[in-house]
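Inspection log for the structure reproduced underneath, given as structure tokens.
Note on naming: letters A, B, ... go to the chains in the order of the sequence lines (proteins, then strands), and numbering restarts at 1 for each one. Predicted model, so just to flag it, every value in this text is computed and none were measured.
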2 protein chains.
Amino acid sequence: MAKRKWTTLTEAELRLMNVLWNKGEATVGEITRALPSKLNLAYNTVLTTMRILERKGYVRHSNSEQGRAFIYRPRVGRAHATRNAVRELLRRFFERSHESLVLNILQDEELDERQRQRIRDLLDRFDREPQ
Amino acid sequence: MAKRKWTTLTEAELRLMNVLWNKGEATVGEITRALPSKLNLAYNTVLTTMRILERKGYVRHSNSEQGRAFIYRPRVGRAHATRNAVRELLRRFFERSHESLVLNILQDEELDERQRQRIRDLLDRFDREPQ
DNA sequence: CTCCAACAACTAAACGATTAATATATGCCC
DNA sequence: GGGCATATATTAATCGTTTAGTTGTTGGAG
């Protein structure tokens, strides 16, 4: 009942998705080896998380010919996942107001004058090339 | 080891913090009654979550005089919590680039021309009144 | 002073995320 | 085809979140 359809990616899940988005497709072994070695995750750890991602609809696997291992592919693009995350943030903290979020970003004291200028340029460019 | 200092607010925690931010201070009972009645959370549920929030450093309680119940107060402001959430999103999905996030917001197809204009106005206003 | 209602402390169950050990299957080299 | 390396399946331990029951404490009404 009232189960979220999207289910935002967790930290560990996002790590695996990044590998998959970069590679386009990969086996569990390939993903495991592609992860930062400082994490040192076991093959089975990655496998379990891949199954969770599959249950959540983020990836699918094909019982590949010419090899024993399953091949996993993203079912949701990075842009789509990103947009979901932004929408989630908007819902939680900004009452869905994009403007409030932009204002917050501009007010962040870690944002210096040069970065603000770049954002302004970005807006101008977007004006000139409407989507 | 390597314990997060900030620890982003969860959904249930944020609900309680919103009440506290609005009221300035409150007892557990007051918070419980202030929550949307459709949630119908038990007093003990709220109490437990308040203790977690205290452990995380988001609230503190004072052993109040003139009353039996503890009085809880925010130790972290809404703006601060919001900024942490935005930074977390930036780290996860935008490699800490504010510009990328702004671009993403502008490209969101749910954002119409009027809303874009409002964001532009916001930027202009921010230019005229530098922080 | 007694007792009830409100409160706090403790405990824990249900659940998901994260991690991994163990067990089983299978392709391939020789 | 026997056995090693690699894969997948099963299982579960650990932890945090969310929810709430039970028990003990206390302040105030009468």
A:Thr45 side, atom OG1; A:Asn40 side, atom CG - distance, nearest 0.5 Å: 9.5 Å

Whole-Å distance between C:dT18 P and A:Lys56 NZ? 7 Å

Any link between B:Ile105 and A:Phe93 through a network of hydrophobic side chains (Ile, Leu, Val, Met, Phe, Trp, Tyr) touching at under 4.5 Å? yes

Just compare C:dA20, C:dA8, C:dT19 and give me whichever is closest to any side-chain atom of A:Ala12. C:dT19

Listed nucleotide nearest any side-chain atom of A:Arg51, set D:dT10, D:dA20, D:dT17: D:dT10

Output the single nucleotide from D:dT17, C:dA17, C:dA9 whose closest atom is nearest the side chain of B:Arg55. D:dT17

Grab the CG-C1' distance between B:Leu47 and C:dA9 for me, whole Å please. 8 Å

What's the CD-C1' distance between A:Glu54 and D:dT8, to the nearest Å? 13 Å

Mind checking B:Phe70 for me? I need base, sugar-phosphate or nothing, with any heavy atom below 4.0 Å counting as a touch. sugar-phosphate

Assess the side chains of B:Asn84 and B:Glu88: does a donor N or O sit below 3.5 Å from an acceptor N or O? no

Nearest listed nucleotide, side chain of A:Val28, among D:dT10, C:dC10, D:dT8: D:dT8

Can you name the nearest heavy-atom pair linking A:Tyr58 to A:Thr8, along with the distance? OH-CA, 4.3 Å

How long is the line joining OH of A:Tyr43 and C1' of C:dT18, in whole Å? 17 Å

Does B:Thr10 place a side-chain N or O at less than 4.0 Å from the phosphate oxygens OP1/OP2 of D:dT18? yes

Taking atom types as they are modelled, is there a donor-acceptor pair under 3.5 Å from the base of D:dT19 to the side chain of B:Asn44? no

Have a look at B:Leu41 and say if it touches a base, only the backbone sugar-phosphate, or nothing, with a 4.0 Å heavy-atom cut-off. sugar-phosphate

Is a donor-acceptor pair below 3.5 Å formed from side chain B:Thr48 to base D:dA20, judging by atom type as modelled? yes

So, does B:Thr45 get its side chain near the phosphate of D:dA20, meaning an N or O under 4.0 Å from OP1 or OP2? yes

Which pair of heavy atoms, one from A:Ala81 and one from A:Leu9, lies closest together, and at what distance? CB-CD1, 4.1 Å

In whole angstroms, how far is the C1' atom of D:dA9 from the CG atom of A:Asn63? 14 Å

How many whole angstroms separate atom CD1 of A:Ile52 from atom P of C:dG16? 10 Å

Can you measure B:Met50 atom CE to D:dA20 atom P for me and round it to whole angstrom units? 17 Å

Mind grabbing the angle between the end helix axes of the helix from C:dC1-D:dG30 to C:dC30-D:dG1? Five pairs an end, 10° rounding. 10°

Could you state the CD-P distance from A:Glu30 to D:dT8, rounded to the nearest angstrom? 11 Å

Any side-chain N or O of A:Arg15 under 4.0 Å from OP1/OP2 of C:dT18? no

pair B:Asn18-B:Arg78: side-chain heavy atoms closer than 4.5 Å: yes

Starting the side chain at C-beta, find the nucleotide from D:dA20, D:dT19, C:dT18 nearest to B:Thr49. D:dT19

Search all heavy atoms of A:Val28 against all heavy atoms of A:Tyr72 and return the closest pair with its distance. CG2-CE1, 3.4 Å

Applying side-chain contact (heavy atoms from CB on, under 4.5 Å) to B:Arg73 and not counting sequence neighbours gives B:Glu25, B:Arg60, B:Ser62, B:Ile71

